[in-house]
Visitor: 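Quick one: this structure, given as structure tokens, is what I'll be asking you about.
Quantities reported herein were computed from a predicted structural model and do not represent experimental measurements. In what follows, chains are A, B, ... by sequence order, proteins preceding strands, each numbered from 1.
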Amino acid sequence: MTDEQKDLEYVMDKYGRTINGLIASMLGSPSERDDIFQEIFLLYYTKELHFEDEGARRSWLIRTAINLCRSANRSPWFKFRDGEEFDADTLMSPEDRDGESELWQALCMLKEKYRLPLYLHYFEEIPLLEIAKVMKLSEGAVKMRLKRAREKLKLELESVKNETETEAEAHEREREYLIH
Amino acid sequence: MKEKENILSIKKRLEPSSELKRRVMERAKELEAGKKTFGIEMTTADNTEINKEPIKMNAYNINDTAKIKKRFPIAVISAAACAAIVIGLAAVSLKDNKLKTLPTTDKTTDQDSSTSSGNTSLPSGFGGGGGYEVSKDTLAIYYDNGREFDKGIEDVPAINALVEKVMECPVLNGPDLPAERTIAYYVDEEERIVELCDERYPVKGSDYSAGTDEDLFLVIKVNGVQYGVDYNDPTLLLDLKAATECGSTTYEKKGSSPFVAEYNEEAETALTEFIADIRKNGTLLSGEESLPSADCDRSLSYCQDNKCYKIRVWDEADILEVQAYGLIGEEPHSAVYGNARKWIDRLDEIISMFEEDTEVMNWIWAYNFGDVIGYIRIPGLTNADGTQYVNTPVTQGSDNEYYLDHGWSGDEYEAGNIFADYAAPVTEESRPDNIILYGKSRRDLGSMFTHLIDYNDGTGNRLNNASVIKFATAWEDGLQQYPIIGVAVLDTNSGDYFDYSGYSYFDNKHTFDSWMNSIKDNCTIMRDLDCNADDEYLTLSTNIDDENADGYRLVVFARKMRDGETFPAGRFSVNKESPIEIKPLEEVRMPNITGMTEEQAIAALEEAGLGHNIEYLFSNEPKGTVMDHHAPYYLPDYVQSPEGDLVSKGASIEMSVSGGTDLSLYTDPNGGEGELVALTIPLPEGLSGSFRFDARDIDEPYGGFDSVNEIKGMNEFVIPVQGSGKKTVEVTGTYNGCVYPLSSDIQCFKYATYEVDFDAHTYTLIGAVDTEAPAKAKIKTEEEIAEMKEQEK
């Protein structure tokens, strides 16, 4: 293996999860996600990038992932012509009843502007400043989004939990009905 | 709360499959043939080139900060030193010291270039390495986020003994890994550069791509040679990290996020005594096997000189464990104590002595920015919800204009930043006798120094409740207390006004006595506070954003607490009448306008005394519906309230409003090419639920996209597509579009196919719309989910 390939392997091991998770939080179909994943790392490989530090490298990967996912999801970011930055509309539908992780489910229901910083900060422990840079926001704005995201997440979690509970109750009722 | 565990388990599932990684590697190898070789030597010119690329690579303004060497008032513990506590700080590299001496650009500053030249053959992207200043008088520690520390040489023998042990480990021959921390020192006339790599990234065997999984090592480089420390027993690495840790206390409670504690000498001393006491009197259990299998209830980590402790507590089992790493001498790495109720209680007492340091995060990052010279906050000056109005890094620019409209990170920011007078530099070596800070007032934003106006309340009540400013320069240990002397309102239009801005240094022309007398003459509210020329001072200055207040300044004077001084108890009282009456600042609660129509929302905001900024978004929701709103947050630590956030009266609330589906109103900010066509797609009658629909050019991988939530009563929706010429566009749908890594089989169905003529802005349906597919997918998905649930049981 060449040094560059070793580098690629290393970078993929180190940031694979961060990027894969980011893509998963932005894109729907698994095959599409895999495509984007490959594209990001091959771009990294072919572009001959020099990074001044690890932070810059990671930021580049995150930024590229966001860009590619957004271009994959092009249309929701249409805005009036005078708009500068684009913003996500609701991407995720609120129903995913696989009970294994309410948290992820709730996360998916948030709008992108909340979901992205939340994912990056709490799942990947990326510092606020770096998120601010990759999202092209002020740090204050990221903090605000995180705060709002936490609140919204809490609400979503509650509603997800309630749903599961009601379902469980329904099952219970059904069972009782069958027994009697 | 199980969110934390959930995060971990989700994270595991988010790992890309090895199959996926293998595919990338394969494709990379295929590409190899057509790929140029990497330029190994990196020059400044290369960097500039890269910075011009459309994708901005350089996340931080590194060049400006490379030379800066600042101390961090409270360094944050690294992930390694005390095992699991990470707050996302240590894991991150803002910038790399290695930058300072890139092999081709900076050989001159490095007398002994053996390390840097030795590293020039590294694969690009890993940075050059080398270039550390090695001195015989200090032991230097470089963090990969740019922090640097000098330690005395007294620990060199002990640290070197650890390094000698490292050098007995197997030599690895893998690719160079970036160092997370570098230790540089001299021993026996020979320089030693020890690079500690990230302990979360083990490598395999001699060539890391070869070995087996059992064969995992953590890398420590000594003068460029890679040694492998057993991954399963990383004690050596942890000891080295702890011995060179410049960390602070962190506290973690089960289910809540860990916090970094503000430095508290008393509590740190108590901890030292605590450990000595339990070592002497505690009931030692046999060892790690006596540890409960459950997670601990609380844990506290702290570092001291050259060692780090982590104390873990299990309430129910009455067990307390003390882990120690670093230069711990005879102390054990782990000691488990039973029957520990007494100590657990004492530990809780100590924990309660620590105050959470909320700004530490801001602080640490901020210090990597070249112009940031300190940090300020005023603990008592808050709104009804507890938001601190002043809580931000302080900058010093090359003039007194720039930071009027730039934030501390250098981005344009309406509120500006708090900055020190450029004429009196604050550096590591010296600070002016009196640091004068400026901050802009904006009545509608409430930002920066706006709320200092609250101090001029004609009674002194506000000052009595918020009588101390916390401030530190970047080179001080922890925020220092500055009790306020008084507040003055000055008219700069009058000829003989007290020009406080000239008193950065007390000298013959600007004597301390004349300054003090002017303060006494001009303060509207002040208190008796013993001040003399040897003290250090802080002055806060702001304009007054009010009618008829042009040219007026509100100025707050404060004095640094002296060593050993008890907190001044003096009360504030009115000293003289304010030269102008200042309208008090008002705050209102922001109404919840999401879901309203645009008109209703604007009316509600106006009624509350608020303005608005609207951004229109493409949406299938009814045109004019407010989809989201938020306050323009200019305050650093905004507290959100269920009754609605408190915002300054007159603030403009940001709202996102559905602009409907008329494409003539939109452009593609992503720079898409071609003509836009609004593809209007019919929906089957009576369908309900949540679906996502994609439209894609069948020849291109990516197309348009839209999601439709809660289909009720909708009979059609619009997906914008973009392109040129004629294209075949396929519309697919999924039920439960939520991206869920755990269920890979999302029911995807083909819904319709269109022939789109982009140039003519027309489209025709090919075949028919599969009106039954959505309902079928819905049923199938629900069945599958039920099945999965069954299996879980």
Visitor: Do you know the tightest heavy-atom contact between B:Leu20 and A:Asn20?
Guide: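 Taking every non-hydrogen atom into account, CD2-OD1, 4.3 Å.
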Visitor: Compare every heavy atom of A:Gln5 with every heavy atom of B:Met25, then report the nearest pair and how far apart it is.
Guide: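 So the minimum-distance heavy-atom pair works out to CE-O, 3.3 Å.
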Visitor: To the nearest 0.5 Å, tell me how far A:Phe37 CZ sits from B:Lys21 NZ.
Guide: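 So the gap between those two atoms works out to 7.0 Å.
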